[in-house]
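Structure first, then comments.
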Amino acid sequence: MSDLPRHLFPKRLRLLKGAEFDATFAAKLSAGDGVLVIHARPNGLGHPRLGMAVSRKVGNAVRRNRWKRTLREAFRLAQHELPPLDFVCLPRLREEPTFAVVDAALRGLARRLAKKQAKQAAQREAAQREAAQREAAP
RNA sequence: CGAGAGGGCUGGGCGACCGCCGGGCGCUGCGAAGCGCCGGGAGGAAAGUCCGGGCGGCGUAGGACAGGGUGGUGGGUAACGCCCACCAGUCGAAAGGCUAGGGAAAGUGCAGCAGAGAGUAGACCGCCUAAGGGAGCGGUCAGUGUUCAGCUGUCAGCGAUCAGACGCGCAAGCGGCAGCUGAAGGCUGACAGCUGAUCGCUGACCGCUCCCCGGCAAGGGUGAAACGGUGCGGUAAGAGCGCACCAGCGGGCGGGGUGACUCGCUCGGCUUGGUAAACCCCACCCGACGCAAGGCCAAACAGGGGGCAGAGCUUGUCCGGCUCGCUACGACCCCCGGGUGGGCCGCUUGAGGCGACGGGCAACCGUCGUCCUAGAAGAAUGGUCGCCGCCGCCGCCCCCCUUCGAGAGAAAGGGGUCGGCGGAGACAAAACCCGGCUUACAGGCCCUCUCGGGGC
RNA sequence: AACCCCGUAGUGUAAUGGUAACACCAGGGAUUUUGAUUCCCUUAUUCCAGGUUCGAGUCCUGGCGGGGUUG
């Protein structure tokens, strides 16, 4: 019982600085569906982190807060099943979010991002190996 | 019961588990931090940022101008463009609502179209013809002329009569009128005069019609708006032209009110339009900047170029005041480049909430008691559920009332309890803090008042 | 936080307080054998709600929406 993972959500699971957001966007790793767009970036910390960017186009302050809380709650409960990436989530819908929809979207997109990231890493590794060989050849 | 008016309150509740923010205590740890327990954690508008303040520092905060704001009176307030009471105007049958509600006889400006005329205006239709001028018609009078009639006179002519001369006869008388003369009368004609009529002309007067020049502003018509209303007098027609009353304006006196204002009396010239959310004038108010204010600590870096003896201090201009600098490695300003973009304080006890008593019509104020009630910073209140509450429908049972019935009971309606199903749950979230305003808002509750209908 | 600007036909712009104008586009019609050109016609809740005024796109107040500036 005591070894069951707990679903705490302290500050270290959050993206808090502008630089961290910029880096995530710059990683060019993203996926989206009708609900969310998620940008991601491997962080090497062994756990995922969450960042959010909720535009004023989504709605007024109440609706924007609701989106952020729903996203945080979905992330908190799913944190142990997510790959160790930094996520920046952007809502796409203008309606009030429901937990079930957001939770499904987050998990689905995270799975796709994990695959994509592995592929990207493999390609980069292959390119590096090729370059190393080319350098070693002459 | 229906229709309406004014005002106040509320903005789902309880619980479980998993989380979030910050506070206190405890434990682990060198520390960073972590964990546990306890209690706290969005609004009436937190919103828009439209006003007003507090607070903060400012090389002192002074003046004039500019600029901005406000605008009935009195009060409330830290202050206000807010609130209360009152006044005035206006809308409503009423309860009540609304009003940027100072000044238009300080000046300037504006008013399309229509209309005659749009501001010390104007004359289209219309009314008048008194004064002046002209034309026409009619009447009267005077003068004059034409024509006609009558009368009178003169002249001429005509014929009859008579007489004379003449002839006969003694005479009385007779004859005879061819010619001559005369007479009165007649007729005809001409002329003159008078009278009357007629038709003209001229003049005067009177009346009527028209025109010119004028007079008028009552009526029609235009307009959003046309220089008071009614009546009598007055006049050529009219008109504040005069008078009476009314409305309005201004002055004076008196009563009431702190005052805006109001009531009464009296006098005056008889009337002075609208617009200042047009410029403007008057009165009053405003130092500008804002918690990224402002202060402390820590970390990092790299300077270069230009302007200039001045530069800055409180936006604009001027004066005054102050500070720094004044032959410069230089104050200050501008441009390019570099670094950091961390922490703490400010930061929540306040024009504070609640209750009682007292003052005040009220807004509000005073005294006493009591309470502490969010402080985030990629920015905290969420998630999953359970129960209750709200609304609608259906079912069971019970009660009330009306009708029918002798009664049992039946039918329609209303209410309650229980159960089931379904539905609604708004607007909108602190960012230094208050007082207001404005705007958004599902549902629910309460109080007061007005009008209408019915019953007792 | 402190401010500034804008909102007019589908689009881009005009309009001393007095009939909402111009260009392009679109639609319809005429001309032409057809097409192009040309000509004519049609198209407005002046962002919304109040107010001032005889009269408001214009002036005032309050909202809504969009854009921008400084730190």
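Values reported hereafter were calculated over all heavy atoms of this structure, with side chains retained and with hydrogens, waters and symmetry mates removed. Residue numbering restarts at 1 for every chain, and letters A, B, ... go by the order of the sequence lines.
In this structure B/rC354 sits in a base pair with B/rG369, meeting the Watson-Crick or G-U test at under 3.5 Å. The pairing partner recorded for C/rU19 is none, the criterion being a Watson-Crick or G-U wobble arrangement whose two distances lie under 3.5 angstrom. In this structure, B/rC243 and B/rG231 make a Watson-Crick or G-U wobble pair, each of the two defining distances being under 3.5 angstrom. The partner of C/rU69, taking Watson-Crick or G-U wobble pairs whose two distances both stay under 3.5 Å, is C/rA2. In this entry B/rU154 has B/rA190 as its Watson-Crick or G-U wobble partner, both defining distances falling under 3.5 Å. For B/rC86, the paired base is B/rG72 (Watson-Crick or G-U wobble, both distances below 3.5 Å). Pair assignment for B/rA33 gives B/rU28, based on Watson-Crick or G-U wobble hydrogen-bonding distances that are each under 3.5 Å. Nucleotide B/rC201 is matched to B/rG143 when pairs are restricted to Watson-Crick or G-U wobble geometry with both distances under 3.5 angstrom.
Side-chain atoms of A/R41 never come within 3.5 Å of backbone atoms of A/F25 as a donor-acceptor pair (strictly under, hydrogens ignored). Side-chain N or O atoms of A/H80 include one that pairs as donor or acceptor with a backbone N or O of A/R6 at under 3.5 Å. In terms of modelled atom types and a separation under 3.5 Å, the side chain of A/Q79 and the main chain of A/R76 share a donor-acceptor contact.
Rounded to whole Å, atom P of B/rC20 lies 9 Å from atom CZ of A/R6. Rounded to whole angstrom, the span from the CG atom of A/D103 across to the P atom of B/rG383 amounts to 13 Å. Between the CG atom of A/L15 and the P atom of B/rG378 there is a distance of 11 Å, given to the nearest Å. The CZ-P distance, from A/R64 to B/rA431, rounds to 13 Å in whole Å. For the pair A/L77 CG and B/rU384 C1', the computed distance is 9 Å after rounding to whole Å. Taking atom CZ of residue A/R66 and atom C1' of nucleotide B/rA426, one finds them 14 Å apart after rounding to whole Å.
For B/rG63 and B/rG287, the P atoms lie 10 Å apart once the distance is rounded to whole Å. The same atom, C1', is picked in C/rG17 and in B/rC113; the two are 15 Å apart, to the nearest Å. Nucleotides B/rU271 and B/rA105, compared at atom C1', are 13 Å apart to the nearest Å. Between B/rU60 and B/rA351, the two P atoms lie 30 Å apart (nearest whole Å). The same atom, P, is picked in B/rC404 and in B/rC393; the two are 30 Å apart, to the nearest Å. Taking atom P in both B/rG366 and B/rC286, one finds a spacing of 25 Å when rounded to whole Å. The same atom, P, is picked in B/rC267 and in B/rC243; the two are 13 Å apart, to the nearest Å. For B/rC447 and B/rA260, the P atoms lie 44 Å apart once the distance is rounded to whole Å.
Applying the 6.0 Å contact sphere to CZ of A/R107 captures more than 12 heavy atoms from other residues, nucleotides or ligands.
Donor-acceptor pairing under 3.5 Å, judged by distance alone, is present between the side chain of A/R76 and the base of B/rC18. In terms of polar N and O atoms assigned as donor or acceptor, the side chain of A/N65 comes within less than 3.5 Å of the base of B/rA429 in a complementary pairing.
By the criterion of a centre-to-centre distance under 5.5 Å and near-parallel planes under 30°, the ring of A/F21 forms a stack with the base of B/rG378.
Contact check for A/C89 versus A/W67: no side-chain heavy atoms found under the 4.5 Å cut-off. Contact of the A/F87 side chain with the A/L109 side chain is not registered, since no non-hydrogen atoms from C-beta on lie closer than 4.5 Å.
Contact annotation: A/R69 side-chain N/O to B/rG383 OP1/OP2 distance is not under 4.0 Å. One finds no side-chain N or O of A/K11 lying less than 4.0 angstrom from the OP1 or OP2 phosphate oxygen of B/rA33.
Listed nucleotides B/rG378, B/rC18, B/rA428 differ in distance to A/E73; the shortest reach to its side chain belongs to B/rC18. When the nucleotides B/rG19, B/rU384, B/rA429 are ranked by their closest atom to the side chain of A/L8, B/rG19 comes out on top.
Glycosidic conformation at B/rU381 (O4'-C1'-N9-C4 for purines, O4'-C1'-N1-C2 for pyrimidines): anti, more than 90° from 0.
Rounding to the nearest 0.5 Å places CG of A/D22 at 12.5 Å from NZ of A/K17.
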